[in-house]
Chemist: 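What follows is a structure written as structure tokens; I'll ask about it next.
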Number of protein chains: 2
Amino acid sequence: MRIASWNVNGLRACSKKGFGDWLSGAGADIVGVQEVRANEEQIPNEVRNPEGFATHFVAAERPGYSGVGLFSRETPDEIETKLGVEEFDAEGRLQIARFGKLQVVNCYFPNGNGKERDNSRVPFKLDFYRALFDRLEKGLRDGEPILVMGDFNTAHRPVDLARPKQNEDTSGFLPEERDELDRWLRNGFVDTFRHFHPEAKDRYSWWSQRFNVRAKNIGWRIDYVLASPGAMPYVKAADILHDVMGSDHCPVVVDVAPDACR
Amino acid sequence: MRIASWNVNGLRACSKKGFGDWLSGAGADIVGVQEVRANEEQIPNEVRNPEGFATHFVAAERPGYSGVGLFSRETPDEIETKLGVEEFDAEGRLQIARFGKLQVVNCYFPNGNGKERDNSRVPFKLDFYRALFDRLEKGLRDGEPILVMGDFNTAHRPVDLARPKQNEDTSGFLPEERDELDRWLRNGFVDTFRHFHPEAKDRYSWWSQRFNVRAKNIGWRIDYVLASPGAMPYVKAADILHDVMGSDHCPVVVDVAPDACR
DNA sequence: CTTCAGACG
DNA sequence: CGTCTGAAG
């Protein structure tokens, strides 16, 4: 069973670049997308109701901003979309879908950049991280199988971005952001890609659109699938699909034994 | 001597579609453009400083809005750009250029559509018409040669638009707008195109960008070169260059005896 | 339907 | 650098 996460940077734009074809051909059973940047009515029909998938979308209140979506071959038993904090819930960043006993969390973590191209939104970002962690903590402790996938907007370690030195003051690689991600991992979540590829270098999931930098592979690994200890026994592989085009991010995937849901 | 007027609907966009080539190949001695939608620094250099032309640009205060420009093989003796009314002069709509004794007025008359897609800006439009008329009236009476070219945003008569019946409540063909244009003509200005082509039908200078309507020639004649009685003896021909692409308007031209300037 | 600005990333 | 909204035409 393949589970994929992709920040599509506008699902309407990505659809024009072949999202529908990728979805039908990728062999994925569950796909979470981030930065949909549209409400459901605006999404072209072949992607809004794709053959063979159940869909669920959460839009931000602000038009054209944020938003997440979930495509799944089986309809989830339930989906939660709120943390109970108005500022977070207004931005369409979260889906917690349950498939049997497996929880699949699709999340678009906030970008830390503020209006003035400063780091003024970092506190909001960290508060969001903490609120979601708090929401998941009990299940984590109870050994439930949980996968948290999405655009975390944070590179964990120097090896996870091409230019660590130049970016120590850049949101996405600030010490306090890395510390927060560390805390998730210390508390049991596993960075599945790093688990299966402990020595991998130059493996990124996002490249700036400026200067045609993707061709030179000057990127960041900021999209993850984290697995709880209760989920890890089912996780068989993890990968980054760096050759899939259509967005400034590429998909990241895990392969999971189907009995994770039972 | 050929004098041309063209609403370019963004000089940057029009430049990408060949404005520079048209300018060098059109055989025009004076070209007035409207809706430049850029300040001088933003204009690509081959159009900002084209070989063989003097240039003069007037930008609106609001970025990306309105703006007029003048290209001329001879440098004008003087250029005036203001009517002395702050609301008008802030919008970069006017150049009054003198070449010897000939006055060439390049003007982007206001569109009558308001914010809510209503006709709320019609009063402003008519006030602008009146202020410019007042500015030109003395020269008109004194028999000076004056050409007023530009986007008047008004079709004069039913023959000047493809769908007169459907547009009696649309700004651009309102009775009060047509009356104002009538007043200019009653006071001596000559619609040069109509003068040389009294029976012409289906000759338009603007087509809506919606529904690909230009191919069907469902348009409006709202761009004119008006000539004062003092200028008429020099005006030898007038035309509409409907096959010139690059904007939702096309150029309109007059051919004038060169001694109009002496 | 298209231009441009400005927000955001 | 690109995706969107929103104003404007």
Side-chain angles (χ1 to χ4, degrees), chain A residues 7-17 19 34-39 42-43 59-67 91 93 108-121 124-125 151 153 170-172 206-215 218 220 222 245-249, chain B residues 7-17 34-39 42-43 59-67 91 93 108-121 124-125 151 153 170-172 206-215 218 220 222-223 245-249:
Chain A
N7 178 320
V8 293
N9 190 26
L11 187 51
R12 283 172 286 183
C14 194
S15 295
K16 290 185 198 145
K17 300 171 190 162
F19 179 85
Q34 305 90 38
E35 279 207 270
V36 168
R37 304 185 72 174
N39 57 43
Q42 296 172 311
I43 299 169
E61 287 176 8
R62 181 201 230 271
Y65 179 71
S66 188
E91 295 197 355
R93 296 187 174 277
Y108 175 43
F109 290 82
N111 189 302
N113 296 127
K115 268 188 159 49
E116 318 299 329
R117 295 165 171 276
D118 52 18
N119 290 342
S120 62
R121 234 183 167 228
F124 179 87
K125 174 179 177 177
D151 175 359
N153 262 314
T170 309
S171 175
W206 173 77
W207 302 263
S208 168
Q209 284 164 319
R210 306 159 221 211
F211 310 112
N212 193 31
V213 125
R214 186 165 181 172
I218 300 170
W220 300 50
I222 58 179
M245 306 303 282
S247 165
D248 51 347
H249 294 247
Chain B
N7 178 321
V8 292
N9 189 26
L11 188 50
R12 282 172 287 183
C14 194
S15 295
K16 290 185 197 145
K17 299 171 190 162
Q34 305 90 38
E35 280 208 90
V36 169
R37 304 185 70 174
N39 57 44
Q42 296 172 309
I43 299 168
E61 288 175 7
R62 181 201 228 271
Y65 179 70
S66 187
E91 295 197 355
R93 297 186 174 277
Y108 175 42
F109 290 83
N111 189 302
N113 296 125
K115 268 188 158 50
E116 319 297 331
R117 295 166 171 277
D118 52 17
N119 290 342
S120 62
R121 233 180 168 231
F124 179 86
K125 173 179 177 176
D151 175 0
N153 262 315
T170 309
S171 175
W206 173 77
W207 302 264
S208 168
Q209 284 164 319
R210 306 160 220 208
F211 311 111
N212 192 32
V213 126
R214 185 165 181 173
I218 300 170
W220 300 50
I222 59 179
D223 300 87
M245 306 303 282
S247 165
D248 52 346
H249 295 246

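The model shown is predicted, which means the values in this text are computed figures rather than measured ones.
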Chemist: Of the options D:dG2, D:dT5, D:dC1, whose atoms approach the side-chain atoms of A:Gln42 most closely?
Modeler: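 Nearest listed nucleotide: D:dT5.
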Chemist: Could you tell me whether the side chain of A:Arg121 and the main chain of A:Gly112 form a donor-acceptor pair under 3.5 Å?
Modeler: no
Chemist: Under 4.0 Å: is that the gap between some side-chain N or O of A:Lys115 and OP1 or OP2 of C:dA7?
Modeler: no
Chemist: OP1 or OP2 of C:dT3 sitting under 4.0 Å from any side-chain N/O of B:Tyr65?
Modeler: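 Answer is no, no contact under 4.0 Å.
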Chemist: Rounded to whole Å, please give me the gap between CZ in B:Arg37 and P in C:dG6.
Modeler: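 Computing the B:Arg37:CZ to C:dG6:P distance gives 12 Å.
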Chemist: Are OP1 or OP2 of D:dA8 and a side-chain N or O of B:Arg62 less than 4.0 angstrom apart?
Modeler: yes
Chemist: Quick check: on DNA chain D, is the nucleotide nearest B:Tyr108 upstream (toward 5') of the one nearest A:Asn212, or the reverse? Name the residue that is more 5'.
Modeler: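 Per heavy-atom nearest nucleotide, the more 5' residue is A:Asn212.
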Chemist: Given atom CG of A:Asp248 and atom P of C:dC8, what is their separation to the nearest angstrom?
Modeler: 17 Å
Chemist: Rounded off to whole Å, could you give me the CG-to-P distance for the B:Asn153 and D:dG9 pair?
Modeler: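 Atom CG in B:Asn153 sits about 8 Å away from atom P in D:dG9.
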Chemist: Judged by atom type as modelled, is there a donor-acceptor pair below 3.5 Å linking the side chain of A:Arg37 to the main-chain atoms of A:Arg12?
Modeler: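 The answer is no, because no donor-acceptor pair under 3.5 Å joins these two groups.
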Chemist: For B:Arg93 and B:Tyr108, indicate whether the former's side chain and the latter's backbone hold a donor-acceptor pair under 3.5 Å.
Modeler: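 Yes; judged by distance alone, with no hydrogens or angles, the pair exists.
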Chemist: With heavy atoms under 4.0 Å as the rule, sort A:Arg117 into base, sugar-phosphate or nothing.
Modeler: base
Chemist: How long is the line joining CG of B:Asn111 and P of C:dT2, in whole Å?
Modeler: 18 Å
Chemist: Which nucleotide sits closest to the side chain of B:Ala13: C:dC1, D:dT5, C:dT3?
Modeler: C:dT3
Chemist: Counting only N and O atoms by type, is there a donor-acceptor contact under 3.5 Å from the side chain of A:Asp248 to the main-chain atoms of A:Gln209?
Modeler: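 No; judged by distance alone, with no hydrogens or angles, the pair does not exist.
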Chemist: Could you tell me how far apart B:Arg121 (CZ) and D:dG9 (C1') are, to the nearest whole angstrom?
Modeler: 11 Å
Chemist: Ignoring hydrogens and angles, answer whether the base of C:dG9 and the side-chain atoms of A:Gln209 contain a donor-acceptor pair closer than 3.5 Å.
Modeler: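 Present.
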Chemist: Find the distance A:Glu35:CD to D:dG2:P and express it as a whole number of Å.
Modeler: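 Interatomic distance, CD of A:Glu35 to P of D:dG2: 15 Å.
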Chemist: Measure from the side-chain heavy atoms of A:Lys17 and tell me the nearest of C:dA5, D:dT3, C:dG9.
Modeler: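 Closest of the options to the side chain of A:Lys17: D:dT3.
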Chemist: Please report, rounded to the nearest Å, how far the P atom of D:dC1 is from the CD1 atom of A:Ile218.
Modeler: 14 Å
Chemist: Whole angstroms only, please: what is the CD-P distance between B:Glu61 and D:dA7?
Modeler: 20 Å
Chemist: Is the shortest side-chain N/O distance from A:Lys16 to OP1 or OP2 of D:dC4 below 4.0 Å?
Modeler: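 Looking at the OP1 and OP2 atoms of D:dC4, neither is under 4.0 Å from any side-chain N or O of A:Lys16.
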Chemist: B:Asn7 and B:Asp223: which non-hydrogen atoms are nearest, and at how many Å?
Modeler: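 Of all heavy-atom pairs spanning B:Asn7 and B:Asp223, the closest is CB-OD2, 4.1 Å.
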